[in-house]
Amino acid sequence: MIRVGIVGSTGYGGCELVRFLLTHKEVEIKWVSSRTYTDQEYSSVYASYFKLLDQKCVDENLENYLDDVDVVFFATPQGVCAKMINQNVLNKVKVIDLSADYRIKDVATYERWYGMEHASPEFIKEAVYGLCEINRNKIKQARLIANPGCYPTCSILSIYPLAKAGLIDMDTLIIDAKSGVSGAGRGAKVANLYCEVNESIKAYGVTTHRHTPEIEEQLGYASKQEVLLNFTPHLIPMNRGILVTAYAKLKEGVTKEEIEAAYQCYDDEYFVRVLDSEKIPEVRNVKASNFVDINYKIDPRTKRVVMMGAMDNLVKGAAGQAIQNMNIMFGLDEKEGLLLAPAVL
Ligand SMILES: NC(=O)C1=CN([C@@H]2O[C@H](COP(=O)(O)OP(=O)(O)OC[C@H]3O[C@@H](n4cnc5c(N)ncnc54)[C@H](OP(=O)(O)O)[C@@H]3O)[C@@H](O)[C@H]2O)C=CC1
Ligand SMILES: CC(=O)N[C@@H](CCC(=O)OP(=O)(O)O)C(=O)O
């Protein structure tokens with residue numbers, strides 16, 4: 001059995017880790033930690049877990065609990081994992097960080113976009129960006145995983161086949177993305193109150209959202225600073241789900257067959273579902289599951305391609321992908337613990 005500990009277990013990402021890990025045949029949840037609910041039963045925080053996970057939350061003194069586990073998930077805000085890990089931690093356990101602390105290779109870029117000093121930049125180089133479908137081989141060897149952001153996961157998986165095959169002009173790429181409110185976490189914020197988000201839709205982080213450099217880095221923009229991405233997220237009144245609609249100009253002479261062939265890179269990927277021709281990705285079809293639904297449409301009038309993706313921000317966008325990473329790291333079936341079907345309602 002793989003022994004698991006979860007730091008930040010009482011947030012939405014942590015709670016989703018618990019939900020999936022409880023069904024995982026090879027995992028034992030050894031401890032869940034919390035600053036706020038130390039010594040309180042997990043099911044007193046989330047009543048849904050009554051009779052499912054009745055253990056008490058431990059405090060956040062990680063070093064006291066390292067010997068009990070093989071892997072630690074950090075479902076904590078930006079900066080926490082970077083402060084809590086050190087060489088001793090990494091020598092003892094594998095670490096999967098759901099935050100952005102190790103996603104961006106250039107520390108100055110991280111510090112600029114996140115507005116904080118990085119507490120352990122010495123580990124950035126060895127961290128593997130845990131986008132399973134693309135970095136599987138590196139993930140197998142890793143002891144520190146930077147689990148990708150929710151918008152980046154959906155955006156990159158939707159666009160990557162065409163970017164990698166060089167079929168689109170990257171300087172024309174525009175990503176329009178939408179997220180449910182759980183993307184902002186469980187912490188109380190006025191902007192996320194029911195009356196602030198219900199019956200409304202708004203863009204936010206326009207031209208400044210911190211997922212922009214992450215997507216740029218993974219889509220290969222980093223080396224050509226003159227070509228940059230426009231990424232605009234929107235907050236929409238639903239609990240969970242991400243929808244990405246991305247637009248780019250096709251390179252001269254690119255054919256429909258070349259585009260089709262590029263998306264075949266996902267043929268053997270269980271969790272990436274490239275839909276049949278006219279079907280449009282929809283968030284409810286992936287709700288609470290680890291699937292990403294993807295499709296594209298060529299506009300012969302504008303010679304642009306529209307790339308579409310739908311995903312659950314808390315699952316493939318966070319906890320599900322983190323468990324998929326764990327499965328790869330420990331040589332398990334990648335699907336283990338992740339086979340919950342989408343919730344239809
Ligand atoms: N929500 C989403 O859709 C996604 C989230 N992420 C990332 O995953 C991480 C967790 O997100 P999410 O679960 O939504 O966030 P939440 O705010 O819901 O939960 C974070 C939890 O971390 C704990 N925590 C807060 N501050 C600290 C601290 N200083 N030290 C230790 N623990 C702390 C809190 O629990 P307690 O007080 O009990 O300790 C809190 O419940 C974040 O980095 C987020 O950016 C990534 C992709 C998608
Ligand atoms: C709706 C909402 O607020 N979403 C969050 C994204 C959450 C997320 O993916 O967090 P990471 O930064 O760890 O990737 C946001 O825009 O900041």
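Atoms within a ligand are numbered from 1 in the order they appear, just like the ligands themselves.
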Check [X] against ligand 2 and report side chain, backbone, both or neither, counting heavy atoms closer than 4.0 Å.
X: Glu214; result: neither
X: Lys178; result: neither
X: Ser179; result: side chain

Among residues at least two apart in sequence or on other chains, which ones pass side chain to side chain donor-acceptor pair (under 3.5 Å) with Glu269?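 For Glu269 the side chain to side chain donor-acceptor pair (under 3.5 Å) partners, ignoring immediate neighbours, are Arg136.
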Go through the structure and list residues passing side chain to side chain donor-acceptor pair (under 3.5 Å) with Thr302, not counting sequence neighbours.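 So Thr302 forms a side chain to side chain donor-acceptor pair (under 3.5 Å) with Asp299.
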field: With sequence neighbours excluded, residues passing side-chain contact (heavy atoms from CB on, under 4.5 Å) with Ala318
entry: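 With neighbours one apart ignored, the set is Leu98.
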Do Tyr102 and His118 have ring centroids that are under 6.0 Å from one another?
->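 Aromatic pair counts; centres sit under 6.0 Å.
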- Are Tyr129 and Leu229 connected, step by step, through hydrophobic side chains (Ile, Leu, Val, Met, Phe, Trp, Tyr) whose heavy atoms are closer than 4.5 Å?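 Result: yes, single cluster for both.
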Exercise for the section: Spell out, yes or no, whether Ile145 and Leu314 are grouped together once hydrophobic residues are joined by side-chain heavy atoms under 4.5 Å, including indirect joins. Expected result: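 Ile145 and Leu314: one cluster.
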N or O contacts of ligand 1 with protein under 3.5 Å, please list pair by pair.
{"residue": "ligand 1", "atom": "1 (N)", "partner": "Ser182", "partner atom": "O", "Å": "3.0"}
{"residue": "ligand 1", "atom": "3 (O)", "partner": "Asn313", "partner atom": "ND2", "Å": "2.8"}
{"residue": "ligand 1", "atom": "13 (O)", "partner": "Tyr12", "partner atom": "N", "Å": "3.3"}
{"residue": "ligand 1", "atom": "13 (O)", "partner": "Gly13", "partner atom": "N", "Å": "2.7"}
{"residue": "ligand 1", "atom": "18 (O)", "partner": "Tyr12", "partner atom": "N", "Å": "3.0"}
{"residue": "ligand 1", "atom": "18 (O)", "partner": "Arg186", "partner atom": "N", "Å": "2.7"}
{"residue": "ligand 1", "atom": "26 (N)", "partner": "Arg35", "partner atom": "NH1", "Å": "3.4"}
{"residue": "ligand 1", "atom": "26 (N)", "partner": "Arg35", "partner atom": "NH2", "Å": "3.3"}
{"residue": "ligand 1", "atom": "29 (N)", "partner": "Arg35", "partner atom": "NH1", "Å": "3.4"}
{"residue": "ligand 1", "atom": "35 (O)", "partner": "Thr10", "partner atom": "OG1", "Å": "3.0"}
{"residue": "ligand 1", "atom": "37 (O)", "partner": "Arg35", "partner atom": "NH2", "Å": "3.3"}
{"residue": "ligand 1", "atom": "37 (O)", "partner": "Thr36", "partner atom": "OG1", "Å": "2.4"}
{"residue": "ligand 1", "atom": "38 (O)", "partner": "Thr10", "partner atom": "OG1", "Å": "2.5"}
{"residue": "ligand 1", "atom": "38 (O)", "partner": "Ser34", "partner atom": "OG", "Å": "2.5"}
{"residue": "ligand 1", "atom": "39 (O)", "partner": "Arg35", "partner atom": "N", "Å": "2.7"}
{"residue": "ligand 1", "atom": "41 (O)", "partner": "Thr10", "partner atom": "OG1", "Å": "3.3"}
{"residue": "ligand 1", "atom": "41 (O)", "partner": "Gly11", "partner atom": "N", "Å": "3.3"}
{"residue": "ligand 1", "atom": "43 (O)", "partner": "Thr76", "partner atom": "O", "Å": "2.6"}
{"residue": "ligand 1", "atom": "43 (O)", "partner": "Gln78", "partner atom": "NE2", "Å": "3.4"}
{"residue": "ligand 1", "atom": "45 (O)", "partner": "Gln78", "partner atom": "NE2", "Å": "2.8"}

Out of all atoms in ligand 2, which are within 4.0 Å of some heavy atom of [X]? Include the element for each.
X: Gln78; answer: 11 (P), 12 (O), 13 (O)
X: Ala184; answer: 1 (C), 2 (C), 3 (O), 4 (N)
X: Tyr151; answer: 16 (O)
X: Gly180; answer: 1 (C)

Starting from [atom], what is the nearest protein heavy atom, named by residue and atom, and what distance separates them?
atom: atom 17 (O) of ligand 2; result: Arg210 NH2, 2.6 Å
atom: atom 9 (O) of ligand 2; result: Cys150 SG, 2.6 Å
atom: atom 15 (C) of ligand 2; result: His209 NE2, 3.4 Å
atom: atom 13 (O) of ligand 2; result: Arg103 NH2, 2.9 Å

### Ring-face cation of Arg273 near Phe291 (centre distance under 6.0 Å, axis angle within 45°)
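Output yes; distance and angle both within limits.
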Salt bridge check, [Y] against [X]: does any charged N sit closer than 4.0 Å to a carboxylate O?
X: Glu214; Y: Arg103; answer: yes
X: Asp312; Y: Arg240; answer: yes
X: Arg35; Y: Asp59; answer: no
X: Lys256; Y: Glu258; answer: no
X: Lys316; Y: Glu133; answer: yes

Consider every N or O of [X] and every N or O of ligand 2, then say whether any pair is closer than 3.5 Å.
X: His211; value: yes
X: Leu235; value: no
X: Tyr204; value: yes

- Which one of Pro152, Gly149, Gly183 has a non-hydrogen atom at the shortest distance from atom 6 (C) of ligand 2?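 Considering heavy atoms of Pro152, Gly149, Gly183, the nearest to atom 6 (C) of ligand 2 sits in Gly183.
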Review point. With a 3.5 Å cut-off and no angle check, do the side chains of Tyr110 and Asp101 form a donor-acceptor pair?
Key: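 Result is yes, a qualifying pair exists.
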